[in-house]
Amino acid sequence: MSAPPGTGDGLAGRTAVVTGAGSQLSGIGNGRAAAVLLASAGANVVLVDAVAERLDETAQMIAEGGGNWLCVTADVSRETDCHAALTAGVERFGRIDVLVNNVGIVGPAESVVDIDLDDWRRCFEVNVTSMLLMSRHAIPHMRETGGGSIVNVSSLAGVLTHPRVAYATTKGAVLSLTRSMAGTHGPDGIRVNAVAPGPVYTPMVQAEALTEAARAARAAQVPLRTEGTGWDVGEAVLYLAGDRSRWVTGTTLTVDGGFTADLRMTNAMSLTPEQHPLGAEG
């Protein structure tokens with residue numbers, strides 16, 4: 001019998017780039033959690049955010065764990081910023097092995113009848129085009145080292161019905177983009193997967209000012225009867241980024257406490273719009 005493969009993530013000494021690695025409020029968002037966990041696994045982490053101050057708490061957490069990091073301020077909906085961020089990472093750490101496309105916005109709430117087209121376009125620029133642009137400039141570096149891993153953070157809103165049409169459409173596009181990229185870049189040794197969080201409570205959701213009643217209603221719709229956290233999403237990213245998932249590509253890993261597995265008509269029929277379990281990051 002052959003020996004089992006190594007049990008480590010294989011991330012020590014590798015370089016991971018995480019977009020949206022900061023947070024608009026103090027706390028653990030998906031990007032912050034992913035960055036801290038990647039650093040804890042030994043990766044050098046390039047922290048990217050459009051607002052420099054949002055990276056301070058992430059950098060502090062990595063420093064406390066003895067990790068290596070580089071903060072880069074960039075608007076990843078702009079190609080020049082994407083190129084500059086990845087160039088800075090290579091200049092500092094010598095390589096790019098992992099890209100976590102995490103940045104995203106909630107976007108407008110209006111229906112297709114009333115939505116402002118500039119708001120619609122901006123949602124696509126941030127939620128989808130940024131992933132294309134960051135990948136465009138990361139993949140050549142990954143090819144140089146024989147492969148890599150790209151993790152795109154989507155949402156259950158890309159899988160199930162969600163009331164925010166722009167948000168839902170962009171998150172669905174991320175899943176299609178992920179599958180297409182996985183097929184195209186697999187021969188280069190580059191794996192591309194997506195994570196679809198469900199009703200997690202993060203600073204981004206906190207900024208939506210959910211009431212305690214709304215949070216309780218969200219949790220009640222999940223078989224595990226709890227809200228997820230950024231750490232839960234970060235652990236999924238860590239798995240897909242490292243060698244434990246070496247033969248996994250083109251897939252979407254739902255992190256939702258079992259919500260999609262237990263979805264029933266009675267669940268959907270009993271909720272008011274403000275109790276919708278998929279929220280801003282679900």
Side-chain angles (χ1 to χ4, degrees), residues 18-21 23-24 29-34 50 76-77 99-112 115-135 150-182 192-208 210 218 221-222 227-230 232-234 236-237 240 249-261 263 268 271 273-282:
V18 182
T19 69
S23 181
Q24 58 188 299
N30 298 336
R32 177 167 291 158
V76 293
S77 69
L99 171 61
V100 181
N101 284 313
N102 168 72
V103 71
I105 58 175
V106 178
E110 291 80 10
S111 72
V112 295
I115 194 169
D116 181 87
L117 287 181
D118 287 338
D119 292 339
W120 169 269
R121 294 186 187 101
R122 182 58 182 165
C123 197
F124 266 87
E125 288 173 356
V126 176
N127 291 3
V128 184
T129 304
S130 69
M131 297 189 179
L132 179 152
L133 294 175
M134 287 296 293
S135 299
I150 298 175
V151 184
N152 297 325
V153 179
S154 179
S155 166
L156 286 191
V159 179
L160 305 173
T161 301
H162 191 280
R164 289 182 180 263
V165 64
Y167 183 75
T169 304
T170 58
K171 291 303 183 178
V174 168
L175 301 183
S176 293
L177 176 66
T178 297
R179 291 190 294 269
S180 179
M181 288 174 59
V192 188
N193 292 287
V195 175
V200 297
Y201 191 69
T202 65
M204 184 176 177
V205 177
Q206 183 182 348
E208 294 286 296
L210 289 183
R218 280 164 38 110
Q221 299 302 315
V222 175
E227 289 179 304
T229 71
D232 298 311
V233 179
V237 171
L240 292 172
T249 194
T251 194
T252 299
L253 176 55
T254 56
V255 183
D256 65 357
F259 178 76
T260 49
L263 187 63
L271 291 181
E274 62 270 18
Q275 294 174 334
H276 198 286
L278 301 188
E281 281 196 356

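Note that the coordinates shown come from a computational prediction; the quantities given were computed from them, not determined experimentally.
- Nearest heavy-atom pair across Ala194 and Leu175 is CB-CD2, 3.8 Å.
- The pair Asp118-Arg121 meets the salt-bridge criterion, since a charged nitrogen lies less than 4.0 angstrom from a carboxylate oxygen.
- Using a 4.5 Å heavy-atom threshold, the side chains of Trp120 and Thr169 count as touching.
- To the nearest 0.5 Å, the span separating OG on Ser135 from CG on Asn101 amounts to 4.5 Å.
- Not one N or O on the side chain of Asn102 forms a donor-acceptor pair closer than 3.5 Å with the backbone of Val153.
- Annotation for Tyr167 and Ile105: closest pair CD1-O, 3.4 Å, computed over non-hydrogen atoms.
- In this structure, Thr249 contributes its side chain and Val192 its backbone to a donor-acceptor pair below 3.5 Å.
- Not a single donor-acceptor pair under 3.5 Å links the side chain of Ser154 to the backbone N or O of Val174.
- The two residues Thr252 and Ala196 come nearest to each other via the heavy atoms CG2-CB, 3.8 Å.
- Looking at Arg164 and Val106, their side chains come closer than 4.5 Å, going by heavy atoms from C-beta outward.
- Here the straight-line distance linking atom CE of Met181 with atom CD1 of Ile150 works out to 4.0 Å at 0.5 Å rounding.
- Arg122 has its side chain out of reach of Pro108: every pair of non-hydrogen atoms, C-beta onward, lies at least 4.5 Å apart.
- A 4.5 Å side-chain heavy-atom check between Asn193 and Leu253 finds every atom pair outside the cut-off.
- The two atoms that bring Asp256 and Gly198 nearest to each other are CB-CA, 3.9 Å, heavy atoms only.
- Ser180 places no side-chain N or O within donor-acceptor distance of the main-chain N or O of Ser176, the cut-off being under 3.5 Å.
- With contacts defined as side-chain heavy-atom distances shorter than 4.5 Å, the pair Pro197/Asn30 qualifies.
- Closest non-hydrogen pair, Met131 versus Val103, comes out as CE-O, 4.5 Å.
- Here the side chains of Glu227 and Pro199 are not in contact, with every heavy-atom distance at 4.5 Å or above.
- Between the Thr170 side chain and the Phe124 main chain, no donor and acceptor come within less than 3.5 Å of each other.
- Considering only heavy atoms from C-beta on, Val255 comes within 4.5 Å of Val195 through its side chain.
- Put simply, the side chain of Val76 does not reach to within 4.5 Å of the side chain of Leu133, judged on heavy atoms.
- Listed for the Asp119 side chain is no donor-acceptor partner under 3.5 Å among the backbone atoms of Gly107.
- Heavy-atom minimum distance, Ile115 versus Ala166: CD1-CB, 3.9 Å.
- Atoms CG and CZ, from Asn152 and Arg179 in turn, are 11.5 Å apart once rounded to the nearest 0.5 Å.
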